[in-house]
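Remarks on the structure that follows.
Predicted model only: the values in this text are computed from it and were never measured.
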Amino acid sequence: MDREQKETNSLHKSVEQFVLRRRRALLVCFAGVLAAAVAVCIAAGISDAGKEKGLAAIDSAEYALTAHSEGISAEDEAVRLSKAEEAVAPYLLKKGIVGIRANMLAADIAVRKNDFSKALECYARAAGISRASYTYALCMYNAGVCCEELGRSSDAVTYYDAASSAKDFYLAARAVFSSGRVSESAGDYKKASEYYQKAVDLYADDEWADVSRSRLISLKASGKID
């Protein structure tokens with residue numbers, strides 16, 4: 001029994017470390033998604049002068065924030081963040097791709113400032129602009145991450161569920177796993193196991209299905225589920 005418990009504890013610890021590493025990586029990578037939105041705008045043939053002006057301003061703010069940023073001091077980074085935040089502020093209530101990009105950049109800035117309340121507000125606003133946009137699920141997922149940071153577990157699950165339900169979301173398996181992980185942390189082991197099993201059943205070849213299998217094994221070994 002001692003050996004089994006040690007193996008279970010080791011497995012639990014390795015899963016936690018795996019999740020933590022990937023979660024941090026996810027928060028960092030969202031800045032790159034903003035640039036991808038430009039391609040969508042070009043493909044749509046944007047001709048409206050207001051949209052072009054808005055996108056140009058957001059591009060400029062993002063470039064000023066990220067260009068030659070390696071090795072800059074904390075003070076210089078803080079200045080860049082403040083300037084970028086001020087630059088995108090006039091576009092946060094805009095509709096269409098301008099509003100989406102402005103809010104996603106503002107959310108990224110807020111995350112870098114550890115202001116998860118502001119980041120949540122911006123991600124939710126960006127998602128609400130267009131459910132049809134490919135950015136919808138991405139923003140809903142990130143809103144879930146922000147809710148976790150704010151200790152709002154129930155809301156986090158709601159956002160993760162919305163993200164995983166979106167059509168063709170490439171992080172769907174991860175979103176389902178996250179719903180399970182948050183439920184497990186809240187002590188709802190039955191619900192957690194249902195999410196983990198869903199990840200296994202729907203995304204068998206995904207790495208997050210593998211992690212979900214590990215969690216199911218751990219929960220059963222500890223007697224928390226049958």
Go through the structure and list residues passing side-chain hydrogen bond (donor to acceptor under 3.5 Å, both in side chains) with [X], not counting sequence neighbours.
| X | answer |
| --- | --- |
| Ser133 | Thr135 |
| Ser212 | none |
| Asp210 | Arg213 |
| Tyr159 | none |

Set of side-chain contact (heavy atoms from CB on, under 4.5 Å) partners for [X], sequence neighbours left out:
| X | answer |
| --- | --- |
| Asp201 | Gln197 |
| Ser164 | Ala175, Val176 |
| Ala110 | Asp115, Lys118, Ala119 |

For [X], give me all partners under salt bridge (charged side-chain N to carboxylate O under 4.0 Å, His left out), at least two apart in sequence or on another chain.
| X | answer |
| --- | --- |
| Lys113 | Glu85 |
| Asp155 | Arg152 |
| Lys190 | Glu194 |

At what distance, to the nearest 0.5 angstrom, does CD of Glu149 lie from CG of Leu120?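 Rounded to the nearest 0.5 Å, the CD-CG separation comes to 11.5 Å.
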Straight-line distance of Ser153 OG to Asp188 CG, nearest 0.5 Å: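 So the OG of Ser153 and the CG of Asp188 are separated by 11.0 Å.
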Under the salt bridge (charged side-chain N to carboxylate O under 4.0 Å, His left out) rule, what pairs show up with a residue in residues 216-226, not counting sequence neighbours?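 Not a single pair qualifies under salt bridge (charged side-chain N to carboxylate O under 4.0 Å, His left out).
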Is the Phe177 to Tyr195 ring centre distance short of 6.0 Å?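 Distance test on ring centres: not under 6.0 Å, no.
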Decide, yes or no, whether a salt bridge links Asp206 with Arg174 under the criterion of side-chain N to carboxylate O below 4.0 Å.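 No, this pair does not count.
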Does the pair Glu75/Arg80 count as a salt bridge with the N-to-O cut at 4.0 Å?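 No.
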By the ring-ring contact (aromatic ring centres under 6.0 Å, His included) test, which pairs, at least two apart or in different chains, include something from residues 63-92?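 The answer is none; no pair qualifies.
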